[in-house]
Structures are given as structure tokens and as C-alpha cells.
Amino acid sequence: MPAAPPHRSGAASPDARRPAANPWFVDLRELGRRAGSMHELERTLPAPADWRVELIGVPEGAEVHLRLRLESVMEGVLVSGEVDVPVAGSCARCLEPIEDTLELDVQELFAYAGSTTEATSEEDEVRRVEGEHLDLEPMVRDLVVLSLPLAPTCTEDCAGLCVDCGQRLDDLPADHTHEQLDPRWAGLAARFTAAPGTPDADNPEEN
Ligand SMILES: [Zn+2]
Ligand SMILES: [Zn+2]
């Protein structure tokens, strides 16, 4: 029989007994049901594929870092703590790639089957303890996806793209313009610049 691995503080040791288990599952047998008992959990897990909105999301397999506290309360298990998750996408204004890390706070109750909370809540209103475990993945997915911006920007005041040449306006000089380059208007523009307010502007023959 192999020697037991050394106990690492904070690591989720109960799962070591079930190596094939879903890594998002938390075994509650160690926590127990006595109100007031508490368990700290720190895990780094690979992100599933579907945590995204149109322009930004969590790359599949990216490291999702969980620092959670599980507390046994009368109605179930209160999960609170922090979730750090890398996100990648593109700026809604200039299309530049964006990379960032979201640092999110979470606090949710997982209700026991048969608890008052469970009995008085609709199916989709409350998370539930499933037998001897709870599943963190739906909670973290909802937290992350609801935090993703529908129109992410590379900087708070990204000016977007020049409508004429498609370059990023933030990369161009402040006086970037295409007025001089359009031959249809170049002559007219020069006239207005030379003699602003000319009353016969609509009569080009007078040139
Ligand atoms: Zn941008
Ligand atoms: Zn331009």
C-alpha cells in the first residue's frame, strides 16, 4: 500500500481519494453538516470551452483560480471568496486584441435537499447540494459570463478606427484627416479655405 501523500494546507485533500472525479465538484463529507464548520478551498482549474460572449471570453483551458471558503449553515453550504480568471477577446471599437484578468467576488448558498430554502425556491432560483457534493462550475460560469462586457474596449476611451483608412485613430496624429486626398472635393475645399464666406461659392465659372 503506497504511503499517503503529505497533507498540503488549503488543498482539497478529499478529492485525492477520487482522482477521476469532476474537478469542479467539492466533496462535502469532510465539511459535514454541523452548522459553523468551515473549510477553505484553493484550486486552479482549466476553463471549459463555453465561457464567452460575442467579443470576449475565457480561453478554453485557461487557468481559473479559486480561493473559496465553504461554511456549513442551517440551510446548506455558503460558498464565498474570490475567482480570478483570464479573459481574451477584441476591442469593440478598434478590433485590437485584448487580454485581461477578471478578479471576481462570489457568495452563494447551495441549499440542502429538503431545506426550507430548497422547498420554497423555484428550480432555477437556488443552487443545490447534490448528494455529498456540490458543483462549482455552474456558479463560476454564471459569475464570469455575467461579468464579461458586451462591448469590451482596449482602453477606456479608445477612439476606434478611421472610417476612411481603417487605421486605429489612437495610433494616428490628432490632425489625421483624408480631406486633401479626395480629388472631387480638393479644389472646392481650397477655394473655401482661401476665401471663406464667398457669396458665389456655388458658381465655379467665376474662377
Ligand atoms: Zn480599441
Ligand atoms: Zn484615416
Side-chain angles (χ1 to χ4, degrees), residues 10 22-24 26 41-69 79-108 124-125 127 135-207:
N22 182 329
W24 295 90
V26 178
L41 177 151
E42 186 162 354
R43 280 187 200 176
T44 301
L45 299 176
D50 58 343
W51 290 7
R52 57 179 310 106
V53 293
E54 198 170 335
L55 288 173
I56 195 163
V58 183
E60 183 176 1
E63 291 189 344
V64 182
H65 194 57
L66 310 175
R67 280 188 308 280
L68 302 175
R69 164 194 291 247
V79 177
S80 58
E82 292 157 42
V83 176
D84 293 348
V85 60
V87 294
S90 47
C91 175
R93 296 180 194 157
C94 75
L95 312 178
E96 278 287 291
I98 301 175
E99 284 188 16
D100 201 359
T101 298
L102 299 180
E103 295 170 4
L104 306 168
D105 292 325
V106 65
Q107 183 174 60
E108 295 220 21
D124 56 356
E125 276 181 347
R127 300 189 190 284
D135 182 1
L136 296 172
E137 197 270 344
M139 176 189 79
V140 179
R141 179 190 59 214
D142 288 354
L143 177 74
V144 170
V145 172
L146 291 173
S147 304
L148 293 172
L150 292 175
T153 52
C154 60
T155 58
E156 218 167 279
D157 53 358
C158 173
L161 300 175
C162 171
V163 293
D164 290 312
C165 68
Q167 297 186 75
R168 285 185 80 232
L169 290 169
D170 290 343
D171 295 339
L172 296 167
D175 61 352
H176 176 72
T177 170
H178 294 270
E179 276 173 38
Q180 310 304 318
L181 298 181
D182 191 325
R184 289 171 297 172
W185 302 109
L188 204 55
R191 274 191 55 193
F192 280 120
T193 307
T198 301
D200 320 337
D202 56 350
N203 190 358
E205 276 74 37
E206 286 204 352
N207 253 3

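Counting starts at 1 for both ligands and their atoms, following the listed order.
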Visitor: So how far is it from Glu42 CD to Glu82 CD, rounded to the nearest 0.5 Å?
Guide: 10.0 Å
Visitor: Identify the heavy atoms of Leu95 and Ser90 that sit nearest to each other, and give their distance.
Guide: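 Of all heavy-atom pairs spanning Leu95 and Ser90, the closest is O-CB, 3.7 Å.
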Visitor: Does the pair Asp170/Arg93 count as a salt bridge with the N-to-O cut at 4.0 Å?
Guide: no
Visitor: Which heavy atom in Cys154 sits nearest to a heavy atom in Ile98, and how many Å separate them?
Guide: N-CD1, 3.9 Å
Visitor: With respect to Val64, which candidate in Leu102, Val83, Asp84, Thr44 satisfies the side-chain contact (heavy atoms from CB on, under 4.5 Å) definition?
Guide: Val83
Visitor: Are there any protein N/O/S atoms under 2.8 Å from the Zn ion (ligand 2), and if so, which?
Guide: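 Correct list: Cys162 SG, Cys165 SG, His176 NE2, His178 NE2.
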Visitor: I need the SG(Cys94)-the Zn ion (ligand 1)-SG(Cys154) angle, rounded to 10 degrees.
Guide: 110°
Visitor: Rounded to the nearest 0.5 Å, how far does CZ of Arg67 lie from CG of Leu41?
Guide: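 Those atoms lie 11.5 Å apart.
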